[in-house]
Amino acid sequence: MSDNIFEGLDEYLPVDDTIFKDKKPLDHRFLPENLPHRKNQITAIARYWVEALKGTTPSNITIYGKTGTGKTAAAKFAKEQLIDASKDKPVFIRVEYVRCTDFNTEYQVLTHLCQRLGRDVPSRGWTKGEIVNAFRDILRRNAFGRNLILIVILDEVDILLEKDGDGLLYTLTRTDNIAILSISNYLNFKQFIKPRVASSLMDKEIVFPPYDAEQLADILEERSELAFFEDTLEDSVIPLCSAMAAKEEGDARYALDLLESAGDIAIDNGFDKVLGKFVREAKDVIEYNKVKDVVITLPTQQQRVLAAILKLTQEGEEITSGKLFESYKEISKGDAVTYRRIFDFVNELEMLGIISTNTVSKGRAKGRTNIISLQIDTDLLEENLYNLL
DNA sequence: CCTCCACTGGAACCAAGGGCAG
DNA sequence: CTGCCCTTGGTTCCAGTGGAGG
């Protein structure tokens, strides 16, 4: 018998969608054919990069902008265009995109770049110096026959700089034929760059302002044509999504998320049209999932800290670091980490927006302390931390 | 302005994963 | 195979700092 076990199981496939034509355009990683309202920024990049087509190394560029302002998309778009434009030119240009959240030390980025350029190097074991040499060797030797110009896009550089310092930038700026495009969420990331590197970085800056509601609407309009079947969106849906996202600092990613979740909610409720009220529901769903995601992916020790905060909050106590540590020790039952470490955890939790802290000094007798308060719903926390309490 | 104590930055340590010379 | 050196991610240890009540 040659019956295949996958035969006749069509009924288990999801039913054909009556709302979504294709969800991909709603993903923030989707790269559309044009990026509305980012012409200026993209041409700014192109004006610097055009030098590469003439065979000279372009200036270094830094892009600033909050999340969801199209930084990554613009950089990737420029990358595609540059590669395309270089096809019939006597130059060899490589553009490598590196997300510094994935490769967050100098060593890792250089290893990654070497591998991308066809040189197999170990991900551990070598000294930093050996990796740097291997990397420079590739560029020096014109390994690709013609003069190679390498453009490195460092997305979310601030992460790398904070963690590993400016060593990578130092190495890259001191290697010939390399141009850097760094992308940062924060304007102040240069505090991590030492003067000796800053002076050789000599970068040009491009700012990506937040989108306003109208611009967001244009973006959603364009994407929704690709993503939804005709007449499946109530007229109020797109204006609602854009208005809500405009309030969230003009975050296009958030606007797209809202639109997609609203569609999902419509399907779940058996509708074949997305109504305005689903957008409002979508907002809650997204918030909920975001927090849940953060909480459950937290390392155990940090979950315990959070559980301790939750417990104290429920007991109605004002939470100081000292009390928190006591409560934390109780929850960890012996497997506890030092007081010092808790401070780092608290800071990280604050960074994630889960808690807020307020340092007050109570003078001679009490010294300084942090007053910690929870910023999210206690029920939601309880649901996800029940195993620790 | 002193002082106390929670906070903070940095060094140092540890275990795990890996390369390389001998 | 063995010993030694490397990075990484987590931690602990210790010596400062800062700020308002005294």
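The chains referred to below are lettered A, B, ... by the order of the sequence lines, with proteins before strands, and numbering in each begins at 1. For the numbers below, each heavy atom of this structure counts, side chains included, while hydrogens, waters and symmetry mates do not.
- In summary, the aromatic rings of A/Y64 and A/F208 are positioned with their centroids too far apart to meet the 6.0 Å limit.
- If you take CZ of A/R340 and C1' of C/dA15, they are 12 Å apart, rounded to a whole angstrom.
- Regarding A/F343, its CZ atom lies at a distance of 13 Å from the P atom of C/dT12, rounded to whole Å.
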What does the list of N/O pairs under 3.5 Å between the protein and nucleotides 20-22 of chain B look like, with a distance for each?
from   : atom 1 : to     : atom 2 : distance (Å)
B/dC20 : OP1    : A/W126 : NE1    : 2.8

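- Nucleotide B/dG17 holds its C1' atom 13 Å from the CD atom of A/Q108, rounded to whole Å.
- For A/K163 and C/dT8, the shortest distance from a side-chain N or O to OP1 or OP2 is not below 4.0 Å.
- Side-chain atoms of A/Q301 lie closest to C/dT11 of the nucleotides C/dT12, B/dA6, C/dT11.
- When distances run from any side-chain atom of A/T127 to the nucleotides B/dC7, C/dC6, C/dT7, the shortest one goes to C/dC6.
- Using a 4.5 Å heavy-atom cutoff, the side chains of A/S242 and A/Y211 are not in contact.
- For the OP1/OP2 pair of B/dC7 and a distance below 4.0 Å, the side-chain nitrogens and oxygens of A/S321 include at least one atom meeting the criterion.
- Using a 4.0 Å heavy-atom distance criterion, A/S123 is classed as making no nucleic acid contact.
- Under the 6.0 Å distance and 45° angle rule, A/R116 does not count as a cation-pi partner of A/Y97.
- Residues A/F345 and A/Y328 keep their aromatic ring centres 6.0 Å or farther apart.
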Could you list the donor-acceptor pairs under 3.5 angstrom formed between side-chain atoms of residues 104-112 of chain A and any protein atom two or more places apart in sequence or on another chain?
from   : atom 1 : to     : atom 2 : distance (Å)
A/N104 : OD1    : A/K163 : NZ     : 3.4
A/T105 : OG1    : A/Q108 : N      : 3.1
A/E106 : OE2    : A/T171 : OG1    : 2.6
A/Y107 : OH     : A/W126 : N      : 3.3
A/Y107 : OH     : A/W126 : O      : 3.4
A/Q108 : OE1    : A/N104 : N      : 3.1
A/T111 : OG1    : A/Y107 : O      : 2.7

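- Nucleic acid contact for A/N370: sugar-phosphate only, since backbone atoms but no base atoms lie under 4.0 Å from a heavy atom of the residue.
- Annotation: of the two residues near DNA chain C, A/N104 and A/G125, the 5′-most nearest-nucleotide partner is A/G125.
- Whole-Å rounding puts the A/I131 CD1 to C/dC5 P distance at 19 Å.
- Under the 3.5 Å distance criterion, the side-chain polar atoms of A/K21 are left unmatched by any main-chain donor or acceptor of A/E230.
- Close to B/dC7, at under 4.0 Å from its OP1 or OP2, lies a side-chain N or O of A/Y339.
- If you take CZ of A/R341 and P of B/dG9, they are 14 Å apart, rounded to a whole angstrom.
- Among the atoms of the strands shown, only primed sugar atoms or phosphate atoms (P, OP1, OP2) are found under 4.0 Å from some heavy atom of A/F345.
- Using a cut-off of 4.0 Å between Lys/Arg side-chain N and Asp/Glu carboxylate O, A/K23 and A/D264 are scored as salt-bridged.
- The side chain of A/T338 contributes an N or O atom lying less than 4.0 Å from OP1 or OP2 of C/dT12.
- In this structure, CG of A/N133 is placed 15 Å from C1' of C/dC6, rounded to the nearest angstrom.
- Remark: C1' of B/dG9 and CD1 of A/I342 are 18 Å apart, rounded to the nearest angstrom.
- Rounded to whole Å, atom P of C/dT8 lies 7 Å from atom CG of A/D164.
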